[in-house]
S.K.: 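Here's a structure for you.
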Amino acid sequence: MNYWLMKSEPNDFSFEDLRKSPSRKTHWDGVRNYQARNFMRDKMKKDDLVFFYHSNCAEPGIIGIARIIKEAYPDHTAYDPQDKHYDQKSDPQNPRWFMVDISYERKLKRTITLSELRKYSDDQLKDLTLLRRGNRLSITEVSNDEWSFILSLEHSDD
DNA sequence: GCCAACGTTGGC
DNA sequence: GCCAACGTTGGC
C-alpha cells in the first residue's frame with residue numbers, strides 16, 4: 001500500500017467538487033507530465049490513499065483524503081481536440097497519457113497548510129517531495145512515516 | 001500580478 | 001545532443 005499527494009486547483013476542481021460528484025468519485029484526467037504519469041501508471045494501486053491538496057489558492061494545503069479506486073487506464077481526453085488537455089501526438093493504439101479513478105474518503109478536521117508543513121521541513125518532513133524547493137509535480141509520493149506524521153497534525157493545535 | 005523554477009520544444 | 005526560447009506552475 002502506497003500513499004500519495006495529489007494537487008488540484010480548487011477553482012478548477014476542489015475537494016468539495018469531489019464530494020459532490022456522482023458516487024463521490026472522478027477520473028483524474030489531464031495529467032500531462034511524464035513523472036506524474038509514471039507514478040499513476042506504474043505505482044498507484046487500488047486502495048492506496050491520497051492527500052488531496054489545494055494549490056494556487058488563498059490557503060494552499062492538504063484538505064482531505066481520497067482513495068484510488070481504479071488503477072491506471074488510458075486518458076481518453078488526450079484524443080479529444082475540444083479538450084483543454086488534447087495531445088495531438090497521443091495515439092490510441094499506443095496511449096501516452098493515463099488516468100486513475102479516485103473517490104472521496106473524508107475531509108480533514110482542519111486543513112494542514114503548506115506553511116504548517118514547512119515547519120517540519122528540517123526534520124520529520126525533510127524528505128517530503130512537496131516541500132522540495134521549486135517542486136511543481138502534481139502527483140508525489142508520501143512515505144508511510146510522512147503520512148502518519150501529517151495525519152498526527154490534524155488533531156494538534158496548529 | 002510578479003516571478004522563480006523547471007519541463008518541453010525545436011533549431012542547429 | 002546542446003541549449004535558448006518558451007510555456008506552465010504555483011507561492012506570495
Side-chain angles (χ1 to χ4, degrees), chain A residues 2-21 26-44 48-66 68 72-102 104-105 107-143 146-147 149-154 156-158:
Chain A
N2 297 309
Y3 297 104
W4 305 95
L5 183 144
M6 292 163 86
K7 295 180 188 174
S8 190
E9 301 190 17
N11 286 338
D12 190 31
F13 189 83
S14 70
F15 195 55
E16 182 63 10
D17 291 330
L18 176 60
R19 190 181 66 78
K20 290 190 294 197
S21 298
T26 193
H27 357 257
W28 208 250
D29 62 272
V31 172
R32 298 291 181 269
N33 169 283
Y34 289 103
Q35 209 178 339
R37 176 205 66 181
N38 292 347
F39 282 147
M40 285 199 291
R41 188 190 60 188
D42 305 335
K43 299 185 85 173
M44 272 188 179
D48 283 357
L49 293 173
V50 178
F51 281 139
F52 197 104
Y53 178 94
H54 278 172
S55 66
N56 217 352
C57 56
E59 193 179 55
I62 297 167
I63 184 168
I65 296 175
I68 306 298
Y73 57 105
D75 180 349
H76 57 78
T77 66
Y79 315 129
D80 176 6
Q82 306 306 317
D83 193 276
K84 185 182 173 191
H85 301 288
Y86 174 60
D87 178 5
Q88 193 175 6
K89 295 179 190 158
S90 189
D91 172 7
Q93 300 310 312
N94 183 21
R96 171 183 299 201
W97 303 116
F98 290 79
M99 59 188 177
V100 295
D101 288 357
I102 67 170
Y104 182 97
E105 191 72 13
K107 192 172 177 178
L108 296 186
K109 304 285 180 238
R110 63 188 188 85
T111 296
I112 311 293
T113 63
L114 177 61
S115 63
E116 182 175 355
L117 293 171
R118 285 223 172 99
K119 292 182 191 172
Y120 307 99
S121 63
D122 286 332
D123 305 74
Q124 290 97 331
L125 300 180
K126 66 176 168 7
D127 298 320
L128 189 70
T129 314
L130 175 74
L131 299 180
R132 281 211 320 250
R133 191 167 141 78
N135 194 325
R136 300 179 310 160
L137 249 194
S138 64
I139 299 176
T140 51
E141 295 177 288
V142 176
S143 74
E146 289 162 347
W147 180 273
F149 178 74
I150 292 168
L151 268 190
S152 77
L153 298 175
E154 183 184 9
S156 68
D157 287 336
D158 90 316

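Chain letters run A, B, ... following the sequence lines, proteins first, then strands; residues in each count from 1.
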S.K.: Can you name the salt bridge (charged side-chain N to carboxylate O under 4.0 Å, His left out) partners of A/R19, sequence neighbours left out?
M.R.: A/E16
S.K.: What residues form a side-chain contact (heavy atoms from CB on, under 4.5 Å) with A/Y73, not counting sequence neighbours?
M.R.: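 For A/Y73, the residues satisfying side-chain contact (heavy atoms from CB on, under 4.5 Å) (neighbours in sequence not counted) are A/H27, A/K70, A/M99, A/D101.
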S.K.: Mind checking what makes salt bridge (charged side-chain N to carboxylate O under 4.0 Å, His left out) contact with A/E59, not counting sequence neighbours?
M.R.: none
S.K.: Using salt bridge (charged side-chain N to carboxylate O under 4.0 Å, His left out) as the criterion, list what pairs up with A/R132, not counting sequence neighbours.
M.R.: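 Checked A/R132 against salt bridge (charged side-chain N to carboxylate O under 4.0 Å, His left out); zero matches.
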S.K.: Pairs counted only when both distances fall under 3.5 Å, Watson-Crick or G-U: show me the 5' to 3' dot-bracket for DNA chain C, [ ] for pseudoknotted crossings and | for other-strand partners.
M.R.: ||||||||||||
S.K.: Which ones in residues 48-64 of chain A lie close to DNA chain C, meaning a heavy atom under 4.0 Å from one of its atoms?
M.R.: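 Going residue by residue through residues 48-64 of chain A, the ones with a heavy atom under 4.0 Å of DNA chain C turn out to be A/Y53, A/S55, A/N56, A/P60.
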S.K.: Would you list the atom pairs, donor with acceptor, under 3.5 Å between side chains in residues 48-55 of chain A and any protein atom, with sequence neighbours excluded?
M.R.:
unit_1: A/D48; atom_1: OD1; unit_2: A/N2; atom_2: N; d: 3.0
unit_1: A/D48; atom_1: OD2; unit_2: A/W4; atom_2: NE1; d: 3.0
unit_1: A/D48; atom_1: OD2; unit_2: A/K45; atom_2: N; d: 2.9
unit_1: A/H54; atom_1: NE2; unit_2: A/F15; atom_2: N; d: 3.0

S.K.: Restricting to side-chain hydrogen bond (donor to acceptor under 3.5 Å, both in side chains), what partner residues turn up for A/N135, sequence neighbours left out?
M.R.: none
S.K.: Can you give the donor-acceptor pairs under 3.5 Å from side chains of residues 36-43 of chain A to other protein atoms, not counting sequence neighbours?
M.R.:
unit_1: A/R37; atom_1: NH1; unit_2: A/R96; atom_2: O; d: 3.1
unit_1: A/N38; atom_1: OD1; unit_2: A/R41; atom_2: NH2; d: 3.3
unit_1: A/N38; atom_1: ND2; unit_2: A/Y34; atom_2: O; d: 3.4
unit_1: A/K43; atom_1: NZ; unit_2: A/E141; atom_2: OE2; d: 2.7

S.K.: Of all residues at least two apart in sequence or in a different chain, which pass the salt bridge (charged side-chain N to carboxylate O under 4.0 Å, His left out) check with A/D91?
M.R.: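 With sequence neighbours excluded, A/D91 shows a salt bridge (charged side-chain N to carboxylate O under 4.0 Å, His left out) to no residue whatsoever.
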S.K.: Kindly write out the residues that satisfy side-chain hydrogen bond (donor to acceptor under 3.5 Å, both in side chains) with A/D17, not counting sequence neighbours, or none if the list is empty.
M.R.: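 Only A/S14 meet the side-chain hydrogen bond (donor to acceptor under 3.5 Å, both in side chains) criterion with A/D17.
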S.K.: Within the 4.0 Å heavy-atom criterion, would you say A/R32 contacts the bases, only the backbone, or no part of the nucleic acid?
M.R.: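 The answer is nothing, as A/R32 stays clear of every strand by at least 4.0 Å.
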S.K.: If only atom types and distance count, is the side chain of A/D75 paired as donor or acceptor with the main-chain N or O of A/G30 below 3.5 Å?
M.R.: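 Such a contact is found between A/D75 side chain and A/G30 backbone.
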S.K.: Does anyone know the first and last nucleotide of DNA chain C in reach of chain A, 5' to 3', at under 4.0 angstrom to a heavy atom?
M.R.: C/dG7 to C/dC12
